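The structure appears right after this line, and notes come after that.
Here the structure is a predicted model, which is why all the values come from computation and not from measurement. Side chains included, hydrogens not; waters and symmetry mates left out as well; all remaining heavy atoms used. We're numbering straight along the sequence, starting at 1. Numbering of ligands and ligand atoms starts at 1, following listing order.
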Amino acid sequence: MLIQHARLVDAGGEREDDILIRDGRIAAVGEGLAAGEGEPVLDAAGLVAMPAFIDLHTHFRTPGFEHKETVETGSRAAARGGYTFVNCMPNTNPVCSCGAIAQSVMDEAKRVGLCDVNQCVSITKDFDGKTVSHLRALPKNLRFISEDGKGVRESKVMYEAMCIAAEKGLTVMSHAEDMDLSATDYRLAENLETARNLYLSASTGAKLHMCHVSTKEALEDILTAKRRGGNVTFEVTPHHIWFCHNEFRVNPPIRQQADVDALIRAMLADEVDAIATDHAPHTPQDKQNGAPGCVGLETAFSVCYTKLCRQHGMPLSRLSRMMSRTPAQIMGLNKGLLQPGFDGDVVLVAPDEEYTVNPDEFAGKSHNTPYAGLRLAGRVRATVKQGVLTYQM
Ligand code: DOR
Ligand code: ZN
């Protein structure tokens, strides 16, 4: 595929060039490139081409909760949001605690063909909070473990999991919630478990990724650990930088103005590794009954572009780094830059286009969004995965 006349923006900066994709990879970037015989040409005049987005934190609900989302509907939502790769959490039914379940989800994603998937495996077997021996039996292609939706209660269990992770080169993804305290004080629950896991990682050497960081205290502790050379990365969600009121139920909860300010300040200072959606589809009934979570794949770019680039003057290349390049590095992918040799995954956006979020237009199965009716800037117009269009508006 040849993508012509776009303004190119990636973590390295911006320029005006064409992109030629062959055999799924970027073959050339330069002026006046020509398509070969039979190769499709995409005229992107007036649009910005960026590396497609990579989501470190997604719930596709397979197996067990397909009434909320399937790999197919989730993939369509991802493509519509400009994503070509998502990392799925294991809080499914059954819990994803083995290679066989993980592989079946990834195979289904491959069959659908719209978005690549890595499926995380649970830190404790079936979320029992005790057993970590299954981690020793993981196949080599499964490198990420998570207890998302919960914290790992016992420090000794997390210690053992991190020892295995360090030995096997796994990355521990932490949903930081002290389960004994979250009903009483969720701020304390996040802060305590964040500090504990940072210390456990420093002690065991395990690679740690902190999910959906939402408090200024947790942020500060993570930045301190990084300055000390800690083997730690972290993500922030769009909803934790957009909102600071308490109406929409998510875990961790929407925080206070001071937290939002601290997260945005860190982003502007280039201290945040990644933006991840925590795309968490639920039925209206489940939301009514208090299920935490919001869908996010289809609004993430617009929310972040509006908040960070429009309102705070962040260069788009910085946003590209947080949505594509660093997530790719964390996942070990050959993605996230518009350079020859990288995967031919491109998103075309119209930065100046404003629109009103209408959940009825969502491609995903669930519509639990806190952004309905909001006016946002920055629209995803097309997504290309390895040289093939997976979405076009
Ligand atoms: O809001 C959330 N929803 N936070 C989580 O950690 C889990 C997620 C879900 O699975 O619905
Ligand atoms: Zn979580």
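Applying the 4.0 Å criterion to heavy atoms of G293 picks out, from ligand 1, the atoms 1 (O), 2 (C), 3 (N). Residue G149 has at least one heavy-atom neighbour below 4.0 Å for each of these atoms of ligand 1: 6 (O), 7 (C). Under a 4.0 Å criterion applied to the non-hydrogen atoms of N91, ligand 1 contributes the atoms 9 (C), 10 (O). Near A280, meaning under 4.0 Å from any of its heavy atoms, are these atoms of ligand 1: 3 (N), 8 (C), 9 (C), 11 (O).
Residue-ligand proximity: R249 is placed with every non-hydrogen atom at 4.0 Å or more from ligand 1.
The Zn ion (ligand 2) is closest to atom ND1 of H175 (considering only N, O or S atoms).
For the ring pair (Phe, Tyr, Trp, His ring centres under 6.0 Å) with F53, the qualifying choice from F85, Y305, Y83, Y391 is Y83, the only one to do so.
Annotation: angle subtended at the Zn ion (ligand 2) by H212 NE2 and D148 OD1 is 110°, to 10°.
A heavy-atom distance below 4.5 Å is found between the side chains of E361 and R80.
In the displayed structure, K365 atom NZ is contacted under 6.0 Å by more than 12 heavy atoms of other residues, nucleotides or ligands. In this structure, Y159 places its OH atom where only 12 or fewer heavy-atom neighbours from other residues, nucleotides or ligands lie under 6.0 Å away. Within 6.0 Å of the NZ atom in K130, the count of heavy atoms belonging to other residues, nucleotides or ligands does not exceed 12.
Remark: among candidates N368, N251, V295, the nearest residue to atom 1 (O) of ligand 1 is N251, based on non-hydrogen atoms.
With a heavy-atom cut-off of 4.0 Å, M89 does not touch ligand 1 at all.
Ionic pairing of R325 and D10 is not present here: no N-O contact between side-chain nitrogen and carboxylate oxygen is shorter than 4.0 angstrom. With salt bridges taken as basic N to acidic carboxylate O contacts below 4.0 Å, none links K226 and E271.
Nearest non-hydrogen protein atom to atom 9 (C) of ligand 1 is R61 NH2, 3.4 Å. In terms of protein heavy-atom proximity, atom 8 (C) of ligand 1 is nearest to H59 NE2, 3.7 Å. Nearest non-hydrogen protein atom to atom 7 (C) of ligand 1 is D148 OD2, 3.7 Å.
A donor atom on one side chain and an acceptor atom on the other are not found under 3.5 Å apart for E147 and H175. For the residue pair S214/E190, the side-chain donor-acceptor check at 3.5 Å is satisfied.
Using a 30° and 60° split on the angle between ring planes, H57 and H212 fall in the tilted class, from 30° to 60°.
For a threshold of 3.5 Å applied to N or O pairs, the pair formed by P292 and ligand 1 contains at least one separation below that value. The shortest N or O to N or O distance between P252 and ligand 1 is not under 3.5 Å.
Not a single N, O or S atom of H57, from either the backbone or the side chain, sits less than 2.8 Å from the Zn ion (ligand 2).
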